[in-house]
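Side-chain atoms are counted along with the backbone in the values below, which use heavy atoms only and exclude waters and symmetry mates. One-based numbering, in listed order, for ligands and for the atoms of each.
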Amino acid sequence: MSKLAGKVAVVTGASKGIGAAIAKSLAAEGASVIVNYASSKVGADAVVGAIAASGGKAVAVGGDVSKAAEAKGLIDAAIRNFGRLDILVNNSGVYEFAPIEGVTEELFHRTFNINVLGLLLTTQAAVPHLGEGASIINIGSVASSVTPPHSTVYTGTKGAVDAITGVLAKELGARKIRVNSINPGMVETEGVHAAGFIGTDFEKGTVAQTPLGRIGQVDDIASIATFLASDDSKWLTGELVRAGGGLR
Ligand code: NAP
């Protein structure tokens, strides 16, 4: 029996990268999935196509998670298309590193709006629909504990995600809704390629500090998300799962 049969999931930022892999992994275990995108409809449609080709169910839904009405639209789409909601993966995120001299109001607001406010607005819209056994999975970052230089704004958002995960686990525990975070180390994604991290001293330094001796791949993270979505993790809430091959 598939571990997520009959369950419905919303995965934000699932048009590429870690979110796309999580959407496919949840669907492979039987969940019906809302595949959210902000700008990459083509990417989201490809993820939906791959899920359908494997016999799964998914729908692509556009929406900027940092806008309350659009975040609510994702949740409404889950109810409209699939009739319920059991799993929310708050994955949408942006990362742009800058030394303290390069921090701007624009960089701060953009990063915090998507990485933190977006998570709060999507969760706020989802909670009324979640019942006993539901799972919220936030995607944080190992950056919140490694604190790399030139990442004040990004790492600040992920420190906030850690704290919010703990708060929501306590706030929603009485309703038997679990809230956990996956904190990846560097993972090879479209976003990481676009940011120019691959092949740099930053990547080499990360690998050198990683006991398992490589950067992550999206499947390394997707399998953890599927575990946290399923009843296999039914006794876990408020946990921050470092997922960086031992990087800390
Ligand atoms: P990515 O390849 O750049 O993909 C980012 C996803 O977020 C895309 O689907 C993008 O949608 C979506 N997105 C961006 N802004 C959005 C918005 N306003 N509303 C809704 N969706 C939005 O990123 P990734 O590397 O997979 O990272 C995914 C998450 O993992 C992020 O939270 C990131 O901080 C975290 N993380 C990544 C790494 C890493 O090394 N890759 C490490 C630790 C943590 P569109 O493409 O449609 O615009």
Side-chain angles (χ1 to χ4, degrees), residues 10-24 34-48 60-75 77 88-97 109-122 125 137-148 151 153-162 164-165 181-198 200 202-203 206-207 210 214-222 224-225 240-245 247-248:
V10 169
V11 183
T12 68
S15 59
K16 55 170 75 99
I18 292 170
I22 291 175
K24 290 179 199 167
I34 297 295
V35 174
N36 162 244
Y37 64 94
S39 60
S40 311
K41 182 175 187 312
V42 171
D45 285 343
V47 172
V48 168
V61 181
D64 177 347
V65 293
S66 69
K67 303 276 191 287
E70 295 181 39
K72 184 170 179 301
L74 303 182
I75 305 302
L88 170 63
V89 183
N90 286 307
N91 166 77
S92 291
V94 289
Y95 35 86
E96 186 181 325
F97 281 25
H109 290 300
R110 181 172 126 77
T111 313
F112 268 83
N113 279 352
I114 297 172
N115 296 11
V116 182
L117 179 60
L119 178 154
L120 291 173
L121 292 173
T122 311
I137 301 161
N138 297 326
I139 306 300
S141 172
V142 84
S144 65
S145 54
V146 173
T147 60
S151 74
V153 173
Y154 175 69
T155 295
T157 67
K158 295 305 188 180
V161 171
D162 288 355
I164 290 166
T165 298
S181 161
I182 303 173
N183 290 4
M186 191 188 288
V187 178
E188 187 174 7
T189 63
E190 288 87 335
V192 157
H193 274 280
F197 291 148
I198 301 298
T200 62
F202 180 55
E203 183 199 355
T206 301
V207 171
T210 301
R214 62 172 175 85
I215 64 167
Q217 296 297 321
V218 292
D219 290 348
D220 296 324
I221 308 304
I224 301 168
L240 312 178
V241 181
R242 277 204 195 98
L247 176 68
R248 59 187 60 229

Can you figure out which of [options] has its heavy atom closest to [atom]?
atom: atom 48 (O) of ligand 1; options: S39, G216, G244, G191; answer: S39
atom: atom 30 (O) of ligand 1; options: T122, L117, I139; answer: I139
atom: atom 31 (C) of ligand 1; options: N91, V47, D64, V161; answer: N91
atom: atom 16 (C) of ligand 1; options: A23, A38, A60; answer: A38
atom: atom 6 (C) of ligand 1; options: G13, A71, P184; answer: G13
atom: atom 38 (C) of ligand 1; options: G185, G63, A20, A44; answer: G185

[Y] versus [X], side-chain donor and acceptor atoms under 3.5 Å:
X: K16; Y: S40; value: yes
X: D162; Y: S144; value: yes
X: S145; Y: R242; value: yes
X: N90; Y: T12; value: no

What is the closest protein heavy atom to [atom], and at what distance does it sit?
atom: atom 10 (C) of ligand 1; value: S15 OG, 4.1 Å
atom: atom 46 (O) of ligand 1; value: K16 NZ, 2.4 Å
atom: atom 44 (C) of ligand 1; value: G140 O, 3.2 Å
atom: atom 19 (N) of ligand 1; value: V65 N, 3.0 Å
atom: atom 26 (O) of ligand 1; value: I18 N, 2.8 Å
atom: atom 40 (O) of ligand 1; value: V187 N, 2.8 Å
atom: atom 33 (C) of ligand 1; value: Y154 OH, 3.7 Å
atom: atom 5 (C) of ligand 1; value: G93 O, 3.9 Å

Task: Those residues that, when tested against F202, pass ring pair (Phe, Tyr, Trp, His ring centres under 6.0 Å) (two or more places apart) - done: F97, F197
Open item on the list: Using modelled atom types and a 3.5 Å cut-off, is there a donor and acceptor pairing between side-chain atoms of E203 and backbone atoms of I198?
Closed with: no
Rounded to the nearest 0.5 Å, what separation is found between the [atom1] atom of [X] and the [atom2] atom of [Y]?
X: S39; Y: D64; atom1: OG; atom2: CG; value: 10.0 Å
X: R214; Y: D220; atom1: CZ; atom2: CG; value: 4.0 Å
X: I137; Y: L88; atom1: CD1; atom2: CG; value: 8.5 Å
X: N91; Y: S15; atom1: CG; atom2: OG; value: 9.0 Å
X: E70; Y: N36; atom1: CD; atom2: CG; value: 9.5 Å
X: T165; Y: K158; atom1: OG1; atom2: NZ; value: 9.5 Å

TODO: Report yes if some N/O of T189 lies less than 3.5 Å from some N/O of ligand 1; otherwise report no.
DONE: yes
TODO: State, to 0.1 Å, how close T155 and A143 come at their nearest heavy-atom pair, and which atoms those are.
DONE: CG2-O, 3.3 Å
Task: Shortest non-hydrogen separation from A21 to A222 and the atoms involved - done: O-CB, 3.5 Å
Please identify which atoms of ligand 1 are closer than 4.0 Å to at least one heavy atom of [X].
X: Y37; value: 47 (O)
X: G17; value: 2 (O), 26 (O)
X: S141; value: 43 (C), 44 (C)
X: N36; value: 20 (C), 21 (N)
X: Y95; value: 3 (O), 23 (O), 24 (P), 25 (O), 27 (O), 33 (C), 34 (O), 41 (N)
X: S92; value: 7 (O), 20 (C), 21 (N), 22 (C), 32 (O)
X: V192; value: 39 (C), 40 (O), 41 (N)
X: M186; value: 40 (O)

Task: Sub-4.0 Å heavy-atom contact, T12 with ligand 1 - done: no
Task: Heavy atom of A14, distance to ligand 1 below 4.0 Å - done: yes
Is it the side chain, the backbone, both or neither of [X] that has a heavy atom closer than 4.0 Å to ligand 1?
X: K158; answer: side chain
X: F197; answer: neither
X: I215; answer: neither
X: I114; answer: side chain

Task: Electrostatic pair D219-K24, nearest N-O below 4.0 angstrom - done: no
TODO: Indicate yes or no: does K41 engage D45 in a salt bridge with an N to O separation below 4.0 Å.
DONE: yes
Open item on the list: Any non-hydrogen side-chain atom of N115 less than 4.5 Å from a side-chain atom of L119?
Closed with: no
